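Worksheet: the structure to be examined is printed underneath.
Reminder, nothing fancy here: chain letters follow the sequence lines and each chain counts from 1. Computed over heavy atoms, backbone and side chain alike; hydrogens, waters and symmetry mates excluded. Just so it is clear, the structure is predicted and the values come from calculations on it, not from any experiment.
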Amino acid sequence: MAEGFGKGCHLHLIDGSAFIFRAYHALPPLTRKSDGLPIGAVSGFCNMLFKYVEEAKGADAPTHVAVIFDKGSHTFRNDLYDQYKANREAMPEDLRPQIPLTRTATEAFNIACKELAGYEADDIIATLARQAREAGGRVTILSSDKDLMQLVGGGVEMLDPMKNVQIGPEEVEKKFGVTPDKVIDVQALAGDSVDNIPGAPGIGIKTAALLINEYGDLETLLERAGEIKQPKRRQTLIDNADQIRLSKQLVTLDPETPIDFTLDDLEVRDPEPETLMKFLNEMEFRTLTRRVAEKSGTTPPPALEPVAKATGGAAEAGGSAVTLPEAAPFTPENYVHIKDAATLAKWLDKARARGWLAIDTETTSLDEMQADLVGVSLAIEPNEAAYLPLGHTEGGDDLFGGAQLVPEQMGLQEALALLKPVLEDPSILKIGQNMKYDFKILARHGIRMAPIEDTMLLSYSLHAGLHGHGMDTLSDRYLNHQPIPIKDLIGSGKSQITFDKVPLEKAVAYAAEDADITLRLWQLFKPQLHAQKATTIYETEERPLVPVLADMEMAGVKVDASVLARMSNVFAQKMAQLEDEITEIAGQKFNVGSPKQLGEILFDVMGVEGGKKGKTGAYSTGADVLEDITTMEDRNPAAAKLASAVLDWRGISKLKSTYTDALQTHVNPETGRVHTSYSIAGANTGRLASTDPNLQNIPVRSDEGRRIREAFVAPEGRRIVSLDYSQIELRILAHVAQIDALKQAFREGVDIHAMTASEMFNTPVEGMDPMIRRQAKAINFGVIYGISGFGLARNLRIPRAEAQGFIDRYFERFPGIRQYMEDTTAFAKEHAYVETLFGRRINTPEINAKGPGAGFAKRAAINAPIQGAAADIIRRAMVRMPEAIKGIDATMLLQVHDELIFEVAEADVDRLIATAREIMEGAAEPAVKLDVPLIVDAGQGLSWAEAH
DNA sequence: AACTTCACG
DNA sequence: GACGTACGTGAAGTTC
């Protein structure tokens with residue numbers, strides 16, 4: 001080969017920023033043990049480089065390589081357009097110090113590391129790619145960034161390093177609908193919200209590709225825009241031609257950046273083990289240091305003596321200082337398809353021997369009450385996983401054809417008979433992700449799994465507030481592995497199929513992987529529980545709640561659909577009437593349900609003043625705005641009337657669409673009852689959330705809405721009983737903030753809001769003015785939410801100065817509350833989490849951020865220990881409830897944050913109330929002895945409306 | 001898919 | 001000194 005870069009050479013260009021970003025988000029916020037320096041992103045970055053170096057030795061090895069970084073945030077594009085990337089979020093605080101370290105890391109790996117002020121990494125990549133191509137060589141860009149796709153072709157291709165898929169001209173065309181050379185034209189039209197490139201409003205990639213393909217290129221399109229048939233599209237292109245041309249400049253990468261090195265400087269060099277290990281050792285990456293040592297056949301340097309720990313620092317907050325184990329790569333070819341009883345028995349023996357198994361069920365529906373079991377997957381160790389298909393079918397799509405079971409499957413009953421003794425064996429742990437789902441599916445087949453572990457709940461106990469706890473998130477973050485998307489198997493939208501139609505081979509790969517991932521997550525999370533002091537919450541609240549909630553959900557609540565149907569009819573009539581009225585006042589027909597159209601009518605057509613536009617440019621027409629307009633009878637009577645009619649319409653529309661209509665569709669045809677689903681790990685504070693349908697927001701505040709609760713009934717001979725905690729959050733506040741006056745008031749059972757008013761305004765509790773009491777009540781709630789003068793003013797509709805005066809007076813009278821708020825925020829700032837009385841941790845990663853996010857985080861931090869403790873208490877009560885009411889003919893049906901709803905035999909109502917009340921009032925103990933009593937109010941009746 | 005609105009504690 | 005503000009949820013409908 002001749003000197004220098006040329007034909008036969010192969011250049012790898014690594015998008016450094018993408019690697020860093022990827023590494024940062026893939027890993028929990030690790031810190032260096034010795035001094036707390038955040039190093040999660042550096043660690044991930046090094047792992048990725050290590051993996052790259054190992055894999056790059058193969059057949060298609062590069063001859064030249066460089067990692068390209070961005071330098072600074074200001075580039076020539078900002079000079080073209082000052083809004084470029086303007087809505088980018090600021091770099092996270094704990095990432096910033098890691099950036100220079102990634103450069104050092106690259107050099108330690110002996111890989112060229114390049115950047116250029118005023119240009120983005122993408123421009124340098126474009127320049128190098130051009131040079132390499134012109135020299136006759138090949139180029140592979142390691143990135144999946146769509147902005148680089150314009151470079152593909154003529155010997156240049158991309159490789160997505162995470163998914164390990166090549167991106168050539170075909171893939172680019174698939175994404176953009178045009179050949180790579182026209183990608184910039186499409187991007188110029190479609191714009192990009194991430195980089196804040198304006199493009200042509202209303203035109204996305206699809207439309208852009210259509211236009212470019214029709215007219216050949218952007219310039220021709222803009223010149224001939226007048227020929228476009230669609231009027232809106234035509235106008236957009238004519239009006240925004242300049243903006244589109246600017247957008248094209250912004251998206252076009254510069255292939256002529258003034259770089260001060262040549263391709264020859266990028267020749268591949270092997271890492272020098274000593275240099276590399278020295279760096280890795282300094283970073284305290286033990287595993288990686290060892291692996292490099294093994295590869296190079298040298299001994300790793302001794303671990304550095306830990307230096308004295310720096311004081312404080314929020315770095316190791318919130319269950320984060322974890323080291324990821326050396327993950328075994330996934331080898332799906334090891335997954336087993338269980339076809340017969342002998343093989344299943346073998347796997348179950350493995351579980352018996354090990355004492356655990358990870359399990360996952362595949363079904364035909366997300367609704368556990370309607371889902372049919374299709375298969376079960378099992379895992380014993382990483383990569384040791386199997387799928388047992390039971391209900392895969394084919395055919396049945398013609399009118400009379402019944403679906404046929406496909407071969408190579410065990411019989412359902414035979415399999416369940418083998419599974420049952422293991423799944424119910426108290427000496428074998430059953431590990432699942434979101435076990436409530438699998439528990440319910442199997443319970444419907446007569447198997448009650450116990451004991452169980454749930455990786456979703458482990459993550460919730462460890463990481464509440466940091467991220468979601470779905471399997472895809474957890475696998476991506478903690479195993480650095482992206483599971484096969486379910487979409488790849490069943491599709492999406494209209495053409496979606498059910499899992500029983502998935503071919504067995506694909507089903508094995510998918511389902512066994514899920515069990516494998518679950519097992520790995522369990523092995524990773526379980527040991528961290530103790531280290532993070534999360535064991536008690538997990539063991540006493542989260543895990544035991546699974547069967548309790550499963551039973552509640554399976555029981556369901558009886559709903560009289562005919563009551564709802566009648567109400568829907570009445571609502572429909574009223575709405576039609578109001579719509580006529582509204583059309584008349586507005587003088588034109590419009591969609592009352594469209595806030596946009598309504599805003600234009602009110603503020604543009606009818607001339608109401610003071611319309612405020614939100615960030616989308618639409619007028620705000622929320623209830624508070626409309627209520628203000630209804631008071632303008634003198635100035636703008638028509639608008640006042642219109643606003644009032646719309647408010648009425650909205651009220652009815654909400655009741656109809658969200659409640660009376662929707663609830664009917666949720667009545668299970670087999671049980672005649674509504675089966676909600678509670679998410680245990682949904683709310684960061686420890687509250688439950690109810691979905692499909694949400695039964696925690698059934699109307700109660702308005703008389704009309706409350707009537708919907710009449711449809712929630714007890715069957716013949718039974719009653720609905722409701723028990724709710726009185727003022728539980730304020731009681732918790734009184735306890736944690738140690739407010740003597742509040743504590744005493746609760747002990748004496750006086751009206752707490754009246755007492756607050758009395759303290760603040762020096763008036764006796766007896767004969768308290770209801771208006772003053774109302775204001776005091778608003779303040780009491782405000783305190784729980786992290787009060788602000790602005791918020792209180794808006795809530796009470798009083799001037800802000802007056803609201804601030806109330807708050808000042810309140811804090812003067814209850815200085816302990818201000819102290820509590822200050823202590824709590826200080827704690828959050830130091831640790832990046834807050835804690836409830838019971839030890840539940842809620843992470844507050846944004847607490848030290850700058851900008852408006854910090855305000856939210858601060859108020860959330862104040863609220864979380866209070867809301868969270870209340871959630872702890874009712875969770876504890878619920879866990880104890882089934883055992884306590886065993887001899888009573890009663891079923892716990894629903895939870896609404898501070899309320900439990902039961903269905904009880906008429907004769908047992910009193911006994912149930914007494915027992916459940918005792919459990920609920922004593923639920924904090926023995927873990928916490930509150931200084932204030934917990935009081936539970938009870939009601940009963942034929943419907944929820946009567947019981948509440 | 002994002003946004004707006006509104007139901008609950 | 002400006003800025004944006006009550007906490008926590010889920011669902012339906014419109015708009016892009």
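- OP1 or OP2 of C:dC7 has at least one side-chain nitrogen or oxygen of A:Arg859 nearer than 4.0 Å.
- Counting non-hydrogen atoms under 4.0 angstrom, A:Arg701 reaches a base of the nucleic acid.
- A sub-4.0 Å separation between OP1 or OP2 of B:dC6 and a side-chain N or O of A:Arg650 is present.
- In A:Lys85, the NZ atom is crowded: over 12 heavy atoms of neighbouring residues, nucleotides or ligands sit closer than 6.0 Å.
- Distances shown here put every side-chain N or O of A:Gln696 at or beyond 4.0 Å from the OP1 or OP2 atom of C:dA11.
- Under 4.0 angstrom from either OP1 or OP2 of C:dT5 there lies no side-chain N or O belonging to A:Arg794.
- Side-chain N/O atoms of A:Asp808 and A:Gln804 include a donor and acceptor closer than 3.5 Å.
- No hydrogens or angles were tested; on distance alone, a donor-acceptor pair under 3.5 Å links the side chain of A:Arg800 to the base of C:dT5.
- OP1 or OP2 of B:dT5 sits under 4.0 Å from a side-chain N or O of A:Thr621.
- Nucleic acid contact for A:Ile784: none, since no nucleic acid atom lies under 4.0 Å from a heavy atom of the residue.
- Distance from the side chain of A:Lys654 is smallest to C:dG10 among C:dG10, C:dG13, B:dG9.
- Contact check, A:Ser594 against C:dT15: a side-chain N or O comes under 4.0 Å of OP1 or OP2.
- Across A:Ala916 and A:Phe902, no two heavy atoms sit closer than the pair CB-CZ, 4.1 Å.
- Donor-acceptor pairing under 3.5 Å, judged by distance alone, is present between the side chain of A:Ser788 and the base of C:dT5.
- Distance CZ/A:Arg800 to OG/A:Ser788: 7.0 Å, rounded to 0.5 Å.
- In this structure, A:Lys858 does not reach the C:dC7 phosphate: none of its side-chain N or O atoms is under 4.0 Å from OP1 or OP2.
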